[in-house]
Amino acid sequence: MEDRFVNFVADEVVKKIKDKRRIDLGEDMKKFLLTENISKENKAQAIEQLYIFQVFSDAYLGPDPRAVSSIHVTSIFSVLGANNDEELLTALEKLKNLINRMQDLELNPYKQAKIRLGDSVKYADVRF
C-alpha cells in the first residue's frame with residue numbers, strides 16, 4: 001500500500017477518534033507510523049482496522065461508560081503501542097474481535113436495543 005494512502009487514512013482515524021471519543025492520537029500515530037520494527041503491510045492493516053473500529057465505536061457494549069471507554073482506549077493504544085510485528089498482530093487480533101462484536105450490535109439494532117433495555121432494568125438502581 002502506498003505510504004500516502006496509509007498516511008491519509010491515519011490522519012482520518014486521528015481526526016474521527018478525536019471527534020467521537022475525545023482521544024488525541026496524533027503523537028501516538030506518528031510514533032507508530034515511524035516504528036521501524038513493524039512492516040508497512042502490518043501498519044496499513046492496523047490503520048485500516050482502527051478506521052473500521054471508529055466506524056462501529058458507537059455500539060452499546062455495556063451500561064458502565066467508564067468500562068466502555070477503558071475498552072476503547074486499551075484497544076486503540078495496544079495497537080499503536082506495538083513495538084514489533086508480533087505485538088501488533090496480537091493486538092490486532094483482539095481489536096478485530098472487538099470490531100466484530102461492535103459490528104454485530106450496530107448492524108442488528110433490535111438485538112442492541114434488547115440488550116440496552118435489559119441493562120436499563122437490570123442496573124436501574126446502579127450509579128456509574
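Numbering of residues begins at 1 and proceeds along the displayed sequence. Just so it is clear, the structure is predicted and the values come from calculations on it, not from any experiment.
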- Message: Under the criterion salt bridge (Lys or Arg N to Asp or Glu O under 4.0 Å), I'd like the reasoning laid out for Lys15 against Asp11: C-alpha separation, chi angles, the key distance, then a yes or no.
- Response: CA-CA 6 Å; Lys15 181 187 179 306; Asp11 289 342; over 6 Å; no
- Query: Step by step, would you call Lys96 with Glu93 a salt bridge (Lys or Arg N to Asp or Glu O under 4.0 Å)?
  - Reply: CA-CA 5 Å; Lys96 286 178 184 179; Glu93 187 63 33; 5.4 Å; no
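Counting only residues at least two apart or on different chains, no ring-ring contact (aromatic ring centres under 6.0 Å, His included) pair has a member in residues 95-115.
Nearest heavy atoms, Val6 versus Ala44: CG2-CB, 3.8 Å. The two residues Ser78 and Ala91 have their closest heavy-atom pair at O-CB, 3.4 Å. Pairing each heavy atom of Met29 with each of Leu80, the nearest pair is SD-CD2, 3.9 Å. Residue Ala46 comes nearest to Val79 through the heavy atom pair CB-CG1, 3.8 Å, listed as atom of the first residue, atom of the second, then distance. The two residues Lys43 and Leu88 come nearest to each other via the heavy atoms N-CD2, 4.3 Å.
When side chains are defined from C-beta on, Ile47 counts as touching Leu33, because their heavy atoms get closer than 4.5 Å. A heavy-atom distance below 4.5 Å is found between the side chains of Tyr51 and Val55. Between Arg21 and Val73, the closest side-chain pair of non-hydrogen atoms is not below 4.5 Å. With contacts defined as side-chain heavy-atom distances shorter than 4.5 Å, the pair His72/Leu61 qualifies. Residues Phe56 and Arg101 are not in side-chain contact: their nearest non-hydrogen atoms beyond the backbone lie 4.5 Å or more apart.
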Pairs under 3.5 angstrom only: tabulate donor-acceptor contacts from the side chains of residues 113-128 to other protein residues two or more places apart or in another chain.
| unit_1 | atom_1 | unit_2 | atom_2 | d |
| --- | --- | --- | --- | --- |
| Asp119 | OD2 | Tyr60 | OH | 2.9 |
| Ser120 | OG | Leu117 | O | 2.7 |

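Applying the ring-ring contact (aromatic ring centres under 6.0 Å, His included) rule to Phe32 yields no partners; only residues at least two apart in sequence or on another chain are considered. For Thr90, the side chain to side chain contact (heavy atoms under 4.5 Å, CB included) partners are Lys94, not counting sequence neighbours. In this structure, the side chain to side chain contact (heavy atoms under 4.5 Å, CB included) partners of Ser75, at least two apart in sequence or on a different chain, are Ile71, Leu95, Leu98. Evaluation of the side chain to side chain contact (heavy atoms under 4.5 Å, CB included) rule for Glu87 yields Ala82, Asn83, Asn84 as partners, not counting sequence neighbours.
The CD1 atom of Ile76 lies 10.0 Å from the CG atom of Asp28; values are rounded to the nearest 0.5 Å.
Looking at Lys20, its side chain never comes within 3.5 Å of a backbone N or O of Asp58 through a donor-acceptor pair. Under a 3.5 Å cut-off, the side chain of Thr74 and the backbone N or O of Ser70 do form a donor-acceptor pair. Not one N or O on the side chain of Asn42 forms a donor-acceptor pair closer than 3.5 Å with the backbone of Leu89. Here the side chain of Ser57 pairs a donor or acceptor atom with the backbone of Gln54 at under 3.5 angstrom.
Atom CD of Glu12 is surrounded by more than 12 heavy atoms from other residues, nucleotides or ligands within 6.0 Å.
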